[in-house]
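Owing to the predicted nature of the structure, the values given are computational and were not obtained by experimental measurement. Every number for a ligand or one of its atoms is a count from 1 in the order of the listing.
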Amino acid sequence: MKQKIIAANWKMNKTLPEAVQLIEQVSDYIMTKRLRFMDENVLVVLALPYVYLYEALYITRNVPHLALAAQNCYTERKGAFTGEISAEMLQSIGTEYVIIGHSERRNYFQEDNETLLKKVDMALEYDLRPIFCVGEQLNERMEDRHFHVIQKQLKDSVFHLPETDFANVAIAYEPVWAIGTGKTASPIQADRMHQFIRSEIRNNYSEKTACNTSILYGGSCNAANARELFSKNDIDGGLIGGASLNAADFEKIIESLY
Ligand code: PGA
């Protein structure tokens, strides 16, 4: 059964005490639902600010169906890159996932497809699973270029991977115009793009890999709209920003999966 993933992207939010409290709340929730999680093949991923990962790994060490992610990693292995964090460092503390290509990284930090390819390669070299984000800007959708934009993002940064490596990648479709704006892609719009992404994976790799890849939706996904989005065949979960910062909302979103 394909893995369903609900990933929380906390972005640059929470102090340490707040972070610990929310991690404990989510962990307690998962412990009470773990049989359900097992039956439905659900995984919760918490993408935390770097400084909380080590503490979070300790808190969650006995929690099944929960993995931790970084929100970024650097393109180089090691060296004189003040302020950067390498994939190897993340691996060495036990991080399992890393978000790569989030639109905020693309837009505010000028990360282009070539840079993202290097990050994807680096992550996989150190056994981190990338959650690779793709998404079009509003003007690209208005000009009917959204399928082309997503196709190029995939081709330029992840489709160079051998199939065995690609099998460790999850894709998150996040239309940029829907992130943090309260505007969600309609379930039909989202599902169409997810079908397109899956067909691109099929064309580039195989039917099996296309079926097994988790494709998440992100962009103003919340407790009110999650169930309808997740009811679509090709939407395998979500990458949740704002609504992941509160345990009750986040739990409702997880519950929408089944
Ligand atoms: P949002 O963010 O849910 O706050 O729109 C999603 C994301 O940026 O991953």
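- Distances from ligand 1 to the non-hydrogen atoms of A243 include no value under 4.0 Å.
- Residues S206 and E163 have side chains that bring a donor and an acceptor to within less than 3.5 angstrom of each other.
- A distance-only check finds no donor-acceptor pair linking the side chain of N9 to the backbone of G241 [under 3.5 Å].
- Side chains of H160 and D121: a donor on one and an acceptor on the other come within 3.5 Å.
- To the nearest 0.5 angstrom, S231 atom OG is 11.0 Å from L257 atom CG.
- Proximity of N9 to ligand 1, defined as any heavy-atom pair under 4.0 Å, is confined to the side chain (atoms from C-beta onward).
- Among all protein heavy atoms, the one lying closest to atom 2 (O) of ligand 1 is K11 NZ, 3.3 Å.
- With respect to E136 and R145, no salt bridge is recorded, no charged nitrogen being found less than 4.0 Å from a carboxylate O.
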Identify every side-chain donor-acceptor pair in residues 65-76 under 3.5 Å, counting partners at least two apart or on other chains, and give the distances.
residue: Q71; atom: NE2; partner: K11; partner atom: O; Å: 3.1
residue: Q71; atom: NE2; partner: A47; partner atom: O; Å: 3.2
residue: N72; atom: OD1; partner: K119; partner atom: NZ; Å: 2.7

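- With a heavy-atom cut-off of 4.0 Å, A178 touches ligand 1 through its backbone alone.
- A salt bridge is absent between E200 and K155; no separation between the charged side-chain nitrogens and carboxylate oxygens falls under 4.0 Å.
- Listed by number with element, the atoms of ligand 1 under 4.0 Å from a non-hydrogen atom of H102 are 7 (C), 8 (O), 9 (O).
- Distances below 4.0 Å separate heavy atoms of L239 from the following atoms of ligand 1: 6 (C), 9 (O).
- In terms of protein heavy atoms, atom 3 (O) of ligand 1 is closest to G241 N, 2.9 Å.
- In terms of protein heavy-atom proximity, atom 9 (O) of ligand 1 is nearest to E174 OE2, 2.7 Å.
- For G180, the heavy-atom gap to ligand 1 drops under 4.0 angstrom.
- Cation-pi geometry between R61 and Y58 is met: the NZ or CZ atom falls under 6.0 Å from the ring centre, inside 45° of the normal.
- Considering backbone and side-chain atoms together, S220 places an N or O closer than 3.5 Å to an N or O of ligand 1.
- Atoms of ligand 1 lying under 4.0 Å from at least one heavy atom of G219, given by number and element, are 5 (O).
- The closest protein non-hydrogen atom to atom 4 (O) of ligand 1 is G242 N, 2.9 Å.
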